[in-house]
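Heavy-atom basis, side chains included; hydrogens, waters and symmetry copies ignored.
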Amino acid sequence: MDMIVLLGEKRRRKKELNGDSTLSICCWWEEERYPEGIKWKFLEHKGPVFAPPYEPLPENVKFYYDGKVMKLSTKAEEVATFFAKMLDHEYTTKEIFRKNFFKDWRKEMTSEEKSTITSLSKCDFTHMSQYFKAQSEARKQMSKEEKQKIKEENERLLKEYGYCVMDNHKERIANFKIEPPGLFRGRGNHPKMGMLKRRIMPEDIIINCSKDSKIPAPPPGHKWKEVRHDNKVTWLVSWTENIQGSIKYIMLNPSSRIKGEKDWQKYETARRLKKCVDKIRNQYREDWKSKEMKVRQRAVALYFIDKLALRAGNEKEEGETADTVGCCSLRVEHIKLHPELDGQEYVVEFDFLGKDSIRYYNKVPVEKRVFKNLQLFMENKQPEDDLFDRLNTSILNKHLQDLMEGLTAKVFRTYNASITLQQQLKELTNPDDNIPAKILSYNRANRAVAILCNHQRAPPKTFEKSMMNLQSKIDAKKEQLADARRELKSAKADAKVRRDEKSKKIEEQLMKLEVQATDREENKQIALGTSKLNYLDPRISVAWCKKWGIPIEKIYNKTQREKFAWAIDMAEEDYEF
DNA sequence: GGTGATACTTAGAAGACGGGGT
DNA sequence: ACCCCGTCTTCTAAGTATCACC
């Protein structure tokens with residue numbers, strides 16, 4: 001595989017540089033890799049950190065039912081506090097949320113409570129809510145020493161539980177704290193919103209570690225559900241969550257060998273797709289003409305996945321989650337066909353909710369054949385029928401596997417994201433620009449990818465204000481520049497040079513602010529982080545930084561540099577995706 | 001081919017932090 | 001010294017994909 005060749009090449013280069021006859025290994029990416037399936041040989045950790053136990057409210061904090069003070073049992077009170085803490089959120093006004101919450105809350109009540117509390121609308125949590133607000137206010141007002149104490153306690157916890165040993169490395173664990181109990185908040189219109197997420201106990205926990213490691217001890221008086229020694233998986237701890245019945249895991253940080261290697265491999269697969277994407281595109285264009293309906297549907301779906309970077313679209317259990325779709329699960333109601341729209345022919349209008357209930361809205365001119373096929377697929381169907389009724393992700397991925405080893409639908413997103421970044425960087429970088437302007441170009445290239453992948457964010461609540469602030473800074477700077485120029489004009493010859501330098505400096509500052517304003521404005525509803533972290537081959541960015549003399553810190557923050565350490569070490573300025 | 005279980009990646013929001021301005 | 005705002009970090013939900021079993 002390419003990776004192995006690259007590995008050897010890099011080592012050789014390093015060896016030559018060092019004049020070293022021994023092979024010096026310093027990082028995981030210079031190590032030998034395990035055979036398929038084996039994830040580690042040694043794994044030792046301290047187990048998870050549990051959520052702190054519930055602390056009952058002080059006596060003076062009251063809950064009212066139907067206008068009268070009511071003392072709740074500890075269990076019922078705990079669940080009530082979950083609701084009280086969310087009182088300001090619009091969640092708590094939603095019918096489904098209230099219904100689910102009330103149903104689960106009642107399960108925690110004593111029989112007396114159950115018979116008294118029969119209506120959520122008669123419950124008054126405002127005093128409890130005020131108490132929590134005062135608490136968080138008090139936390140902000142804590143003295144330096146108190147804050148320091150908390151910080152030290154967190155550091156101690158991190159030091160003790162935040163790391164594990166996997167083979168020869170001490171690795172950071174991503175999420176060593178067990179999720180605390182609370183009310184489930186789904187995204188979008190989730191049928192289970194408001195349900196009680198129960199407290200996880202040691203008896204729920206499966207520990208995974210190696211036989212010859214020091215096995216973590218359960219909290220006193222408790223037992224683990226199970227201790228196993230499975231080195232075919234990467235997780236350290238797992239438990240089953242009660243809302244969807246799905247399994248949750250404690251795994252390693254992105255900077256770890258096990259995650260980094262996989263990430264690297266992901267980009268190598270995408271690069272292999274680059275080599276055969278033309279062939280695959282020709283193939284699916286041919287398949288638009290197939291006699292078989294199944295093949296045509298597959299070919300049109302693949303075209304969407306490739307052209308529009310849609311997700312695969314697995315089936316979901318109805319009523320268990322928010323109603324969202326991806327490519328294969330698109331329904332007739334999610335597209336509109338326009339033989340002609342705004343002077344363009346064969347336009348498909350997409351409007352559906354994707355992952356996290358983020359809306360995908362796009363009007364796309366397509367080839368005539370695609371358009372005709374879509375008309376065919378929609379014939380005699382109801383709006384709620386599947387658009388691709390002969391297709392699912394399993395069929396699609398099986399086909400992709402035949403086209404290229406390791407090819408799945410998501411590889412197209414990775415490939416198209418990375419190749420777009422590379423192209424856009426080539427197109428947008430102006431060699432004469434200064435560093436801030438070059439970074440604007442980088443962000444614009446990144447933005448092109450985020451738009452392709454439909455990575456949106458809610459415009460920050462303070463967006464307008466922050467733009468205003470920036471604008472007033474710009475105005476002030478302009479004023480300053482005008483002053484400096486007047487001074488320059490009237491300055492005596494011997495002071496001219498000094499004055500000129502001053503103007504230049506102010507000019508540069510002004511430009512930096514203006515670039516910042518442009519960047520922020522363009523970024524109002526776009527989230528760059530997701531593509532940067534998950535879709536863009538980091539070696540493209542590293543190479544770009546090297547080529548133009550941009551410090552890598554301008555592109556990646558500390559966490560990102562840790563995650564992409566392999567790429568920062570590996571990529572040279574001539575790297576090509 | 002369908003189905004449920006499992007393991008892993010990808011995702012936006014919320015909360016914590018910290019640096020610059022006053 | 002404090003506060004405000006942008007950035008970083010954490011949190012955990014929501015996807016993708018594969019596999020065993022029928």
Sugar-phosphate only, base, or nothing, as touched by A:G354 at under 4.0 Å among non-hydrogen atoms: sugar-phosphate

Touch class at under 4.0 angstrom, heavy-atom based, for A:E241 against every strand present: nothing

Non-neighbouring partners of A:Q525 that pass side-chain hydrogen bond (donor to acceptor under 3.5 Å, both in side chains), sequence neighbours left out: none

Bounds of contact between DNA chain C and chain A, in 5' to 3' order, using a heavy-atom cut-off under 4.0 Å: C:dC5 to C:dT18

By side-chain contact (heavy atoms from CB on, under 4.5 Å) - contacts of A:K398 (at least two apart): A:S394

Closest-nucleotide 5' rank along DNA chain C - winner of A:A322 and A:P180: A:P180

Contacts of type ring pair (Phe, Tyr, Trp, His ring centres under 6.0 Å), residue A:H190, not counting sequence neighbours: A:F184

Ring pair (Phe, Tyr, Trp, His ring centres under 6.0 Å) partners for A:F577, two or more places apart: none

Sugar-phosphate only, base, or nothing, as touched by A:R390 at under 4.0 Å among non-hydrogen atoms: nothing

Sugar-phosphate, base or nothing in reach of A:G313, heavy atoms under 4.0 Å: sugar-phosphate

Sugar-phosphate only, base, or nothing, as touched by A:T324 at under 4.0 Å among non-hydrogen atoms: sugar-phosphate

Neighbours of DNA chain B within residues 394-408 of chain A, by heavy-atom distance under 4.0 Å: none

Between A:N416 and A:D306: side-chain donor-acceptor atoms closer than 3.5 Å: yes

A:Q297 side, atom CD; A:N392 side, atom CG - distance, nearest 0.5 Å: 11.0 Å

Segment of DNA chain B, first to last nucleotide, that comes within the 4.0 Å heavy-atom reach of chain A: B:dG1 to B:dA14

Ring pair (Phe, Tyr, Trp, His ring centres under 6.0 Å) contacts in which one or both residues fall within residues 302-326 of chain A, not counting sequence neighbours: A:W288-A:Y303, A:F304-A:F350

Salt bridge (charged side-chain N to carboxylate O under 4.0 Å, His left out) against A:E153, all qualifying residues, sequence neighbours excluded: A:R156

Residue list, ring pair (Phe, Tyr, Trp, His ring centres under 6.0 Å) with A:Y556, at least two apart or on another chain: A:F564

Touch class at under 4.0 angstrom, heavy-atom based, for A:T234 against every strand present: sugar-phosphate

5' precedence on DNA chain B between A:C453 and A:K39 (nearest-nucleotide basis): A:K39

Nearest-nucleotide comparison on DNA chain C, the residue closer to the 5′ end among A:R187 and A:R520: A:R520

Sugar-phosphate only, base, or nothing, as touched by A:Y249 at under 4.0 Å among non-hydrogen atoms: base

Sequence-distant partners of A:F352, ring pair (Phe, Tyr, Trp, His ring centres under 6.0 Å), two or more places apart: A:Y360

Validation row, ring centre A:F83 to ring centre A:F101 under 6.0 Å: yes

Sugar-phosphate, base or nothing in reach of A:K355, heavy atoms under 4.0 Å: base

Sugar-phosphate only, base, or nothing, as touched by A:A174 at under 4.0 Å among non-hydrogen atoms: nothing

A:E78: partners by side-chain hydrogen bond (donor to acceptor under 3.5 Å, both in side chains), with sequence neighbours left out: A:R199

Along DNA chain B (nearest heavy atom to each residue), the more 5'-positioned of A:E317 and A:R228: A:E317

